[in-house]
There are 2 protein chains.
Amino acid sequence: MSDAVSDTEPHAAFSQHDHAHCVATTLQQAERVATERGLRLTPVRRRVLEILLERHSAMGAYDVLERLAEEGFGHQPPVAYRALDFLVANGLAHRIRRINAFIACDHPGEAHHAAFLVCETCNGVAEIPADGLRAMLEAGARSTGFAIGRATIEAAGQCPECRARAEQGTDNEAQE
Amino acid sequence: MSDAVSDTEPHAAFSQHDHAHCVATTLQQAERVATERGLRLTPVRRRVLEILLERHSAMGAYDVLERLAEEGFGHQPPVAYRALDFLVANGLAHRIRRINAFIACDHPGEAHHAAFLVCETCNGVAEIPADGLRAMLEAGARSTGFAIGRATIEAAGQCPECRARAEQGTDNEAQE
DNA sequence: TATTGACTTGTGATAACATAACACATATCT
DNA sequence: AGATATGTGTTATGTTATCACAAGTCAATA
Ligand SMILES: [Zn+2]
Ligand SMILES: [Zn+2]
Ligand SMILES: [Zn+2]
Ligand SMILES: [Zn+2]
């Protein structure tokens, strides 16, 4: 049987890799960005970024808050939301609206538009480049006179690993 | 300088038009779709669709619920959510995640992918064709082996009318 | 006709997500 | 030090969404 997946290059979010390297380089980039722009990457903010960086999936604000509380930071929602909002506002994290969650940015500091692939099975989230998508969206909007500020581009589906796993199980999956 | 907006073709959501015509034709289409597919467009469901069709902007579930309650339907959130979920599942309405709201579909029954332009000033929402965007997104996903189910493409910004209004005000709005 | 089974609508309760308002602390600048 | 802006923590509340269960509707069929 031919494997439809085998000839692709899976995103780091959906495959085994040296994640410590992801964390180190991204955190380093984030720190450089903060310095360059005079942002105050305070203890809470930095810790939230580190927590998000632990996995290639998105975390809800309350999950982040729980971690913060355990570690001696505040126990109330605004503590998490403020740090998360700071990170998002400064391009160090992204908000995934489909699942009300947040994820660390893969390329902080580099001007880019991103789209997100959200696996409905394992909850992994991959950030993929979306400059072309953004340009196309912008073109569509311009023809109606609409001026785009920010865009949200998200896809829900199944990542290659979960897809392969599903192939083994022979059940028919019902669609939504 | 020429007016950057004047030569565009504004979307119905952002300009004066015969809205009764919008409502009539869309509702008619929706009814045809329901009949063809054996869907039960019950009183609540139909009423919710009519309520959404009243304006070219999105409504929150609780706003819909309030209307339903006034009109003798149930008073509890599931009443609204179930009807809305039914409409979304069957392509008669769309969910706008950026603002946690719902809007009637412009072209029920016609297979299409849509993107949405959400005006942050007047809360108008325009549905625009997104088959090209979807194809591009799909291409990006495929290169990572990801299989897309549903996609969310939304832009927040300013509609042509609000943009024009803002231009007039810029001289006066220098001070707060 | 009466039974059945799938589906729909309603309810109360609760979960999950997000912000308002205010007090106090800490950094920055003069 | 004093003035100003920013950040952190708190309590309280607002907003969005789902769960679990009872009762009603409807159509096929025994
Ligand atoms: Zn990694
Ligand atoms: Zn997966
Ligand atoms: Zn209209
Ligand atoms: Zn507008």
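Keep in mind the model is a prediction, meaning the values are calculated, not measured. Labels below follow one simple rule: chain letters A, B, ... track the order of the sequence lines, proteins then strands, and each chain is numbered from 1.
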Test side chain to side chain contact (heavy atoms under 4.5 Å, CB included) on Glu120(A) and Arg150(B) and set out the steps. CA-CA 11 Å; Glu120(A) 290 173 320; Arg150(B) 288 163 301 288; 2.9 Å; yes
Ion pair Glu54(A)/Arg67(A), N-O distance below 4.0 Å: yes
How would you give the extent of chain A contacts on DNA chain D, as first and last nucleotide 5' to 3' within a 4.0 Å heavy-atom cut-off? dT6(D) to dT11(D)
Output, in order, the C-alpha distance, side-chain angles, deciding distance and verdict of side chain to side chain contact (heavy atoms under 4.5 Å, CB included) for Gln158(A) and Phe146(B). CA-CA 6 Å; Gln158(A) 212 166 23; Phe146(B) 190 96; 5.9 Å; no
Stepwise salt bridge (Lys or Arg N to Asp or Glu O under 4.0 Å) test for Glu36(B) and Arg32(B): CA-CA 6 Å; Glu36(B) 284 174 6; Arg32(B) 190 173 46 70; 3.0 Å; yes
State, without any angle test, whether His75(B) and Glu66(B) hold a side-chain donor-acceptor pair at a distance under 3.5 Å. no
For the ring pair Phe102(B) and His94(B), is the centre-to-centre distance below 6.0 Å? no
Classify the nucleic acid contact of Arg97(B) as base, sugar-phosphate or nothing, counting any heavy atom under 4.0 Å across all strands shown. nothing
If we ignore angles and hydrogens, is there a donor and acceptor under 3.5 Å between the side chains of His17(B) and His11(B)? no
Which is the 5'-most and which the 3'-most nucleotide of DNA chain C that has an atom under 4.0 Å from a heavy atom of chain A? dC17(C) to dA27(C)
Could you tell me whether Arg165(A) and Glu161(A) have a side-chain N and a carboxylate O separated by less than 4.0 Å? yes
Under a 4.5 Å cut-off applied to non-hydrogen side-chain atoms, are Thr35(A) and Leu41(A) in contact? no
Heavy-atom nearest nucleotide on DNA chain C for Asn100(B) versus Phe86(B): which residue maps closer to 5'? Phe86(B)
Residue pair Glu154(A) / Thr152(B), side-chain donor-acceptor N/O under 3.5 Å: no
Heavy atoms within less than 4.0 Å of DNA chain D: which residues of residues 62-83 of chain B have one? Give them sorted by number. Tyr62(B), Pro77(B), Pro78(B), Tyr81(B)
